[in-house]
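Here's the structure we're looking at; comments come further down.
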Amino acid sequence: MGAIPEANYKIITPEKHEALIKENGIKDGVWKLQAEAVIIGSGAGGAVVAATLAKAGWKVVLIEEGGYFTPAKFTGDEFLSQARLYRDAGFIIAEEQTLSILQGRTVGGSTTVNWQTSLYPPDYVTNEWDSRFGWKGYGRQEMDAYIAEVHERIGVHEVPQNLINANNSTLMKGGKALGLHPEVLKNNNRGCIGLGRCGLGCPINAKQSAFLTWIPDAIEAGATVISNMRAQYIQDGDIKTVVAEFTPDPYEKAPNNVLEKVVIEAPVVIVSAGAIEGPALLQRSGLGNDWVGRNLKVHPTSTNFAIFDETINMFSGPPQSAVIKDGHNQDNTGYGYWLEVAPFRPTLASSLIPFYGQRQFDAMKKYPNMSAGIVLVRDGADGEANASVKWSLGRRKVYFEITPTDGKNLLKGLKALAEVQVAAGAKAIIFPFPDVLDPIPVDKNSKFDWILDKSIEPGKIAIGSAHPHGSIQAAKSPDLGAVDLDFQLFGHKNIFVMDASVYPTGLSVNPQITTMSVNLRAARALAQRKSEVLGNK
């Protein structure tokens, strides 16, 4: 088992509150701090930024809404894990129930619970960032130094052949049989043995999540990291104020004496709260223009559950080790779909199978023989995604409706996925259409053109997401985005957004590597301007 970094024992968790209260003479449960930069969120963006600024000599305070968990608290219990490690217990539901989103909420953010897939966008994505929004120098070759640094820090390497499990093998076998081009993916770990617990927190610290890498880097460089503190609002000014309130763990009794509130003053605020909570925080703080929360991208995703004669046990082994990208670039538009698999455990699988009552029960009996193939779509083919985040009447709301071309690409992907699954030997498929009430028997003669005629209207197809991004997009002018090309909020000096929220288009790939690399570059550029930004301190 990988050891917990010694620096992590300095993370301020609720168990340490009572001693802090006594040592600092804190009254009324309110701890007042000063820093040069306060970072809100500890995921792929915030953790990297905290480490980068702290190493450059900045006085950094990082706050995280979620708790701090290590293998001692990771468990195979899905209900417990989802409640503790995920936002909204794993089910961020869009208004009108048009979308369900998975997103981490813990120290390390989604890097603690993701499936390790390590990709950077193809050039047609970054070329569009340049031509439409003014992003310069983000092509794969131009970003190579940052990407290589990220790869090294979090242990990115190709999945060994002996760890490609039965679930991913369906893509490899079926794709090759159809003349497609399945590829072996890269994962980020050191010492993975294929336990298949990635989505519940790696129990042996093999997955190199942010809490094992960038967070201890930040602490060793002098940063203060505080868990279980939710940013309520940001007050602008020459010196900004961030007010955060205590958020208890849902399954653990809080200590009798806790810090009820943290008030942090700093000249620089960096919002790294993710593409769902980040815009909500800015909106309730009265900060930013109309692009804050608009054009949320989610990589709309649907699942075919293929049933095989042989045992699959989709949760066993590294979650994602294969991908088929043949549908990525439809008609040279830069938009399309790609195929992966998902390691859905029983609770999540049962929620995604569009059956009820006895039909659902009978389907779940076949769970050991199921492979969950997924179609992911690069959203935005119609110019802008029809999705947004809004803070309204005291709560955060997500709105989503798939656009016509994105919906067409999703159906094309489901058809291609079914063909791959049949070529791999599937005997029946459960499709994500609520009006298809039973598994459909399939064989080598099955045709799937009927899928292209299915409706994409709300309620007619099950759509999920694990990749919310781009809801506070960066652009060359406030007419095109919420933050500038340094990721500074238009109209507000020294308030930055540095996480997956800044992408101006659909990303096209799993976000972790891009988010770390892009924000490493942004944080390093900010660090070099320390004297200018902080007023020659």
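Side-chain atoms are counted along with the backbone in the values below, which use heavy atoms only and exclude waters and symmetry mates.
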Handout entry: Donor-acceptor contact present, side-chain Thr75 to main-chain Lys73, <3.5 Å
Key = no

Problem - Point-to-point distance, once rounded to the nearest 0.5 Å, from OH of Tyr503 to OH of Tyr138 - result: 9.5 Å

Completion exercise
By side chain to side chain contact (heavy atoms under 4.5 Å, CB included), Thr52 pairs with (sequence neighbours left out) Val48, Leu520, Ala523, Arg524

Problem - Any Leu99 side-chain heavy atom under 4.5 Å of Ile93 side chain - result: no

Handout entry: Within 45° cone of Phe133 ring axis and under 6.0 Å: Lys476 NZ or CZ
Key = no

Handout entry: Centroid-centroid distance, His157 to His151, less than 6.0 Å
Key = no

Fill in the blank from the handout: The side chain to side chain contact (heavy atoms under 4.5 Å, CB included) partner of Gln512 among Thr117, Val156, Asn188 is Asn188

Problem - pair Val298-Leu296: side-chain heavy atoms closer than 4.5 Å - result: yes

Problem - Residue pair Pro160 / Glu158, side-chain heavy-atom distance below 4.5 Å - result: no

Fill in the blank from the handout: Distance col, row Asn114:CG vs Asn510:CG, nearest 0.5 angstrom, shows 8.5 Å

Exercise for the section: Give a yes/no verdict on a cation-pi contact between Arg378 and Tyr335, requiring under 6.0 Å between NZ or CZ and the six-membered ring centre and an angle within 45° of the axis. Expected result: yes

Handout entry: Aromatic contact, Phe490 with Trp291 (centres under 6.0 Å)
Key = no

Practice task
Salt-bridge test for Arg230 and Glu64: reply yes if a basic N is under 4.0 Å from a carboxylate O, no otherwise.
Solution key: no

Exercise for the section: Decide whether a cation-pi geometry holds between Arg521 and Phe487; the criteria are a distance under 6.0 Å from NZ or CZ to the six-membered ring centre and an angle within 45° of the ring axis. Expected result: no

Problem - Partners meeting side-chain hydrogen bond (donor to acceptor under 3.5 Å, both in side chains) with Glu78 (sequence neighbours left out) - result: Thr347

Exercise for the section: Quick one: list whatever passes side-chain hydrogen bond (donor to acceptor under 3.5 Å, both in side chains) with Arg396, sequence neighbours left out. Expected result: Asp88, Glu277

